[in-house]
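Worksheet: the structure to be examined is printed underneath.
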Protein chains: 2
Amino acid sequence: MAEAEDNTRERLLDHGERLFAEKGFSAVSVREITAAANCNLAAINYHFGSKQSLYLAVFRERWAQRARRVRQHFSETLAGKPRRDLEDVIAAMASAFLEGPMSEAERRCHIQLMQREMSDPGDALSMVVEDVMRPYILEIADLIRPHLKGPVDERRLRLSVLSILGVILYFFLARPAVSRIVEQEYDSRFKPELVSHITAFSLHGIHSLNQE
Amino acid sequence: MAEAEDNTRERLLDHGERLFAEKGFSAVSVREITAAANCNLAAINYHFGSKQSLYLAVFRERWAQRARRVRQHFSETLAGKPRRDLEDVIAAMASAFLEGPMSEAERRCHIQLMQREMSDPGDALSMVVEDVMRPYILEIADLIRPHLKGPVDERRLRLSVLSILGVILYFFLARPAVSRIVEQEYDSRFKPELVSHITAFSLHGIHSLNQE
DNA sequence: ATTCGTATAAAACAAACGTTTGAATGTCAA
DNA sequence: TTGACATTCAAACGTTTGTTTTATACGAAT
């Protein structure tokens, strides 16, 4: 087979990612994935070697690329702002994750996979942290640093950026819990409200770096 | 059997909770649990009926009780503060989760189980949210409200309390990721630094409610 | 036309899974 | 001591698991 890029392989990555994100690695069977991808049971082992290798391939060939898009969305959003002040940086960060260049389903996929790998560190964690998260966090730290008064404790700065990420991820992952506590569905009216809350909260949080 | 409260049952709850927290429900087998609890394979089905029922029993008979202790620790810490200002409330909240009345292993267990149930909502989620989280969040909201100037949007207030919780949970669950990004192990020197960062960041974050 | 490498299909594999069974054991009341 | 009940145990149950095998179909290259 020359061109035409293997179709079954792509479908396996698509449905594999979706199901791994929804249920977690162990809770999904290869039969479930191959049925969803509408192909034969043996296809996973043929194309990837094993279920575990499919999982890693999902991170390498899907997740990482989307992470790159998220980061690019962040850069482009920020480039559009003339002043590029603290608020712009944080708003761009929240926007990249919550209103970024993904469908709602993709976003769910992306963030859930990330969370699963962070709380159950596996073979994909190194890639997630070193290749994606770390450079991203450090870039944002570099963008924030000039806006702070006086000398800045580098570690506190990174903790602050991580805190913002924590808030963003939390409102995504704990959706059902959040919904019931604020008595509000995640509808199209609520989401911008959420983004503006996260931005405001984090912006003020960052200012804790200014005074000692 | 009259008194002496079944020992095997307790051991199953202990090791079951630990393993469910570490690996998640589907990734743990009943053989693994019964081996850890040093009892017969059939013990789970005898005492609880099924693996699923053991999972629910863990939440009812272990997690919920510890959640009560966490909340009590919060109340007592706060009662010890004479002024009971905004900072005291938030510091007490962070302290309850991160330095509360639990061993390090118990804390890990508690928070991981909570997170797992929030991102994979199952039969235990209702109990976690309605009986524990919701009242807790609302209580903290009530404690914070009087310290804010002017009229307060109730929803924004709750979102802020949830944001604090999000930050706290994130630094716990994403430990390996955080460690590598700030280039710092979670040792005894780092932990107080973390608590003080969370308190400072959240305290400033809360103040975003003051201005419009 | 034949050969070769690729992709899909159906069937079978051993291992691990949650659960059930029935006998053995221990404990207390009658 | 006896009978009844609660608990533990080894063994087996029928499924489901991830993986392997064997066979077949298709295209391109020789």
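Protein chains get the first letters and strands the later ones, always in sequence-line order, with residue 1 at the start of each. Quick caveat, the model's predicted, so the values are computed rather than measured.
- Taking atom OH of residue B:Tyr55 and atom C1' of nucleotide C:dG18, one finds them 17 Å apart after rounding to whole Å.
- Each of C:dT19, C:dA12, D:dT8 was ranked by its minimum atom distance to the side chain of B:Tyr46; first place goes to D:dT8.
- The interatomic distance linking A:Arg11 (CZ) with C:dA7 (P) rounds to 13 Å, in whole Å.
- Among the nucleotides D:dT19, D:dC9, D:dT8, the one closest to the side chain of A:Leu41 is D:dT19.
- One interatomic measurement links the two molecules: CG of B:Asn45 to P of D:dA10, which rounds to 16 Å at whole-angstrom precision.
- The only member of A:Glu99, A:Glu104, A:Glu185 that meets salt bridge (charged side-chain N to carboxylate O under 4.0 Å, His left out) when paired with A:Lys191 is A:Glu104.
- Across the protein-nucleic acid pair, B:Asn38 atom CG and D:dT8 atom P stand 12 Å apart, rounded to whole Å.
- At C:dC17, one or more side-chain N or O atoms of B:Ser29 fall inside 4.0 Å of OP1 or OP2 (strictly under the cut-off).
- Relative orientation of the A:Tyr55 and A:Phe25 rings is perpendicular, given thresholds of 30° and 60° on the angle between their planes.
- Taking atom CZ of residue B:Arg31 and atom C1' of nucleotide D:dA10, one finds them 12 Å apart after rounding to whole Å.
- Between B:His47 and D:dT8 there is a side-chain N or O to OP1 or OP2 distance below 4.0 Å.
- Using a 4.0 Å heavy-atom cutoff across all strands shown, A:Ala42 reaches at least one base atom of the nucleic acid.
- Close to D:dA10, at under 4.0 Å from its OP1 or OP2, lies a side-chain N or O of B:Asn40.
- In this structure, CZ of B:Phe48 is placed 15 Å from P of C:dG18, rounded to the nearest angstrom.
- Within 4.0 Å (heavy atoms only), A:Ile44 reaches no atom of the nucleic acid at all.
- Using a 4.0 Å cut-off between a side-chain N of Lys or Arg and a carboxylate O of Asp or Glu, A:Glu22 and A:Arg108 do not qualify as a salt bridge.
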Exercise for the section: Start with the C-alpha distance between B:Arg69 and B:Glu76, add both sets of side-chain angles, then the distance that settles salt bridge (Lys or Arg N to Asp or Glu O under 4.0 Å), and finish with yes or no. Expected result: CA-CA 10 Å; B:Arg69 276 198 288 144; B:Glu76 285 167 4; over 6 Å; no
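- Residues A:Arg155 and B:Glu183 are not paired through a salt bridge, judged by the lack of any N-O separation under 4.0 Å between the basic side chain and the carboxylate.
- Between the NZ atom of A:Lys51 and the P atom of D:dT16 there is a distance of 16 Å, rounded to whole Å.
- Nucleotide C:dC17 holds its P atom 13 Å from the CG atom of B:Leu19, rounded to whole Å.
- Contact annotation: B:Thr8 side-chain N/O to D:dT8 OP1/OP2 distance is under 4.0 Å.
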